Amino acid sequence: MGLALRKEPVPIETDINGTMRISGSRVTLDSVVAAFNAGATAEEIAFQYPTLKLPDIYAVITYYLRQQKDVDAYLLERRKLSKRNRQHNQARFGMIGVRERLLTRQEKPRKAEDA
């Protein structure tokens, strides 16, 4: 009696915004690949993201290593989109005085409580 080999699906899902996440979690493919490329082992990634299952992390790393060109292209597009969004938000809201505006907002409820 031999061992039957089964094909296991890669535990990656794409959400409605096009972001690839590890199935059953909110952890992005970007996060796992970044941790792996920074030298983290699958076990260290599991410690960093406790919602992930170790076999899923190994499967995602394997997928990345086998499809590195495509995954790297996806990650590059994500970085470009993030940069465009950041620039758009900075132009729309302005970054000058952000700290002061946030501190002012934080203090307003306190002043109301003191009255």
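What you are looking at is a predicted structure, and each value in this text was computed from that prediction instead of being measured.
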The side-chain hydrogen bond (donor to acceptor under 3.5 Å, both in side chains) partners of Ser31 (sequence neighbours excluded) come to Thr28
Apart from Leu81 itself, members of its ILVMFWY cluster (side-chain separation under 4.5 Å) are none
side-chain contact (heavy atoms from CB on, under 4.5 Å) filter on Arg66, not counting sequence neighbours, yields Thr62
Using a 4.5 Å side-chain heavy-atom cut-off and chaining through intermediate ILVMFWY residues, the residues clustered with Met20 come out as Val10, Ile12, Ile22, Val27, Leu29, Val32, Val33, Phe36, Ile45, Tyr49, Leu52, Ile57, Val60, Ile61, Tyr63, Tyr64, Leu65, Val71, Tyr74, Leu75
Taken in chain and number order and not counting sequence neighbours, the residues that satisfy salt bridge (Lys or Arg N to Asp or Glu O under 4.0 Å) with Glu44 are none
Worksheet item: Under 4.5 Å between any side-chain heavy atoms of Glu8 and Arg6, yes or no?
Response: yes
Correct closest heavy-atom pair for Ala35 and Gln48 would be CB-OE1, 4.0 Å
Sequence neighbours excluded, the answer for side-chain hydrogen bond (donor to acceptor under 3.5 Å, both in side chains) partners of Glu43 is Tyr58
Quick note, salt bridge (charged side-chain N to carboxylate O under 4.0 Å, His left out) partners involving residues 21-41, not counting sequence neighbours, are Asp15-Arg21, Asp30-Arg78
Sequence neighbours excluded, the answer for salt bridge (Lys or Arg N to Asp or Glu O under 4.0 Å) partners of Lys80 is Glu77
Contacts satisfying salt bridge (charged side-chain N to carboxylate O under 4.0 Å, His left out) that involve residues 50-62 (not counting sequence neighbours) are none
Taking every heavy atom of Glu13 against every heavy atom of Ser23, the minimum-distance pair comes out as CG-OG, 3.2 Å
